[in-house]
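All heavy atoms count here, side chains included; hydrogens, waters and symmetry mates do not.
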Amino acid sequence: MTDWQTLIDACWPAENVLRQGPWTIRVTHGAGSRVSAISGDVPAAISEAEAATRAAGQAPNFILWPEQTAMDDALARRGYGVEDSVTIWWHPVAPLTTAPMPYATAFTIWPPLQIMRDLWQEGQISAARQAVMARAANPAGILARVNDRAAGAGFVAAHGDTAMLSAIEVSPKHRRKGVAGNILRAAAHWAKDQGCSRIALIAADTNVAAHKTYASHGMQAVAGYHYRRLPE
């Protein structure tokens with residue numbers, strides 16, 4: 001069974017990770033829930049996690065997996081609301097790499113070019129989120145092109161037999177032109193070169209269009225999680 005949390009932590013790593021009793025507390029300011037979440041499963045010790053997180057200058061934000069029903073209920077009783085439910089999608093690498101990439105459609109590069117950073121920034125993938133990419137142990141950026149113009153960017157990192165694709169951003173004027181699919185296939189070719197047998201990505205459940213795109217490329221929804229945090 002895949003340890004999705006370990007994969008996420010390796011491919012999209014927090015700036016700092018604190019261990020407090022039964023809790024793992026990720027501390028990264030301004031880069032989203034994935035790198036600022038608390039994980040653990042001891043409802044009786046929630047106060048300990050809250051105190052340590054606030055001492056680190058961060059609001060408590062817990063990541064919950066489906067099997068953590070008791071923890072989920074305990075947080076709900078304390079007033080924590082559900083935020084950012086997501087689905088994990090995956091696909092074997094082999095079917096995505098049977099043919100070479102069409103010329104000049106997408107290629108991997110590291111470190112990212114400025115045009116890739118500009119595309120991410122336009123898509124609200126901030127400098128703090130881009131800094132997460134540099135912390136991954138085995139990173140690569142993906143630049144997609146349409147008619148010799150930069151059309152999209154993505155980020156991929158590998159851990160074990162799985163590569164995780166993140167930060168997919170397609171320029172609005174180049175959407176519905178197969179750019180996201182080219183990014184996925186380019187990431188799969190890179191993953192194959194790293195010895196990975198499958199590729200995965202995470203999509204917010206509110207992003208219905210992205211889910212349709214991934215399903216249309218044969219990806220399967222295999223897991224999911226959500227966050228809980230106190231109302232501001």
Side-chain angles (χ1 to χ4, degrees), residues 1-90 120-121 123-139 155-160 162-167 200-207 222-232:
M1 184 175 179
T2 301
D3 184 346
W4 291 111
Q5 187 66 69
T6 296
L7 178 66
I8 292 167
D9 288 340
C11 294
W12 195 257
E15 184 174 7
N16 294 298
V17 178
L18 311 178
R19 310 291 180 182
Q20 178 68 38
W23 305 106
T24 298
I25 302 170
R26 298 162 189 82
V27 180
T28 313
H29 299 287
S33 295
R34 209 184 303 180
V35 288
S36 62
I38 305 163
S39 58
D41 199 9
V42 185
I46 290 174
S47 295
E48 182 181 1
E50 292 173 328
T53 304
R54 291 189 175 114
Q58 192 167 268
N61 171 41
F62 290 82
I63 184 171
L64 283 306
W65 295 85
E67 64 272 17
Q68 294 183 271
T69 54
M71 184 70 186
D72 202 29
D73 291 344
L75 288 168
R77 289 193 297 270
R78 295 171 78 98
Y80 281 75
V82 173
E83 289 191 2
D84 301 328
S85 295
V86 306
T87 297
I88 300 174
W89 295 78
W90 82 283
W120 283 323
Q121 192 70 42
Q124 299 184 344
I125 299 171
S126 65
R129 291 174 187 258
Q130 292 179 41
V132 173
M133 304 176 192
R135 292 193 290 268
N138 188 7
F155 171 77
V156 64
H159 178 74
T162 306
M164 178 157 278
L165 180 58
S166 304
L201 56 82
I202 298 170
D205 289 345
T206 54
N207 194 344
V222 292
Y225 59 85
H226 63 270
Y227 300 96
R228 278 194 182 270
R229 67 171 70 234
L230 288 172
E232 294 183 1

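- Looking at Trp120, its side chain does come within 3.5 Å of a backbone N or O of Ala167 through a donor-acceptor pair.
- Within the model, atoms OG of Ser85 and CZ of Arg228 stand 9.0 Å from one another, a figure rounded to the nearest 0.5 Å.
- Considering OG1 of Thr28 and CH2 of Trp12, their distance stands at 10.5 Å, rounded to 0.5 Å.
- Using a 4.5 Å heavy-atom threshold, the side chains of Ser36 and His29 count as separate.
- A salt bridge links Arg26 with Asp9: the distance from a Lys NZ or Arg NE/NH1/NH2 to an Asp or Glu carboxylate oxygen falls below 4.0 Å.
- Between the CE atom in Met71 and the CG atom in Asp41 there is a gap of 6.5 Å [rounded to 0.5 Å].
- Gln20 is listed as a side-chain neighbour of Glu48, based on a closest heavy-atom distance under 4.5 Å.
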Worked verdict on Ser47 versus Arg78 for side chain to side chain donor-acceptor pair (under 3.5 Å): CA-CA 10 Å; Ser47 295; Arg78 295 171 78 98; 3.0 Å; yes

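- In this structure, Gln68 contributes its side chain and Gly40 its backbone to a donor-acceptor pair below 3.5 Å.
- Ring geometry for Trp65 against Tyr225 counts as tilted: the plane angle lies between 30° and 60°, on a 0 to 90° scale.
- Phe62 has its side chain within reach of Ile46: a pair of non-hydrogen atoms, C-beta onward, lies under 4.5 Å apart.
- Ile125 places a side-chain heavy atom less than 4.5 Å from the side chain of Gln130.
- Between atom CG of residue Leu64 and atom CG of residue Asp73 there is a gap of 9.5 Å, rounded to the nearest 0.5 Å.
- One distance of note links OG1 of Thr87 with NE2 of His226; it measures 12.5 Å at 0.5 Å rounding.
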Checking Trp23 against Val42 for the side-chain contact (heavy atoms from CB on, under 4.5 Å) test, could you report, in this order, the C-alpha distance in whole Å, the side-chain angles of both residues, the deciding distance, and whether it holds? CA-CA 8 Å; Trp23 305 106; Val42 185; 4.2 Å; yes

Could you walk me through whether Ile202 and Arg34 pass side-chain contact (heavy atoms from CB on, under 4.5 Å), step by step? CA-CA 10 Å; Ile202 298 170; Arg34 209 184 303 180; 4.0 Å; yes

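- Scanning all heavy atoms of the two residues, the minimum distance from Gly32 to Arg129 falls at CA-NH2, 3.7 Å.
- With contacts defined as side-chain heavy-atom distances shorter than 4.5 Å, the pair Ser166/Leu201 does not qualify.
- One distance of note links OH of Tyr80 with CD of Glu50; it measures 3.5 Å at 0.5 Å rounding.
- Between Thr24 and Arg19 the shortest side-chain heavy-atom distance falls below 4.5 Å.
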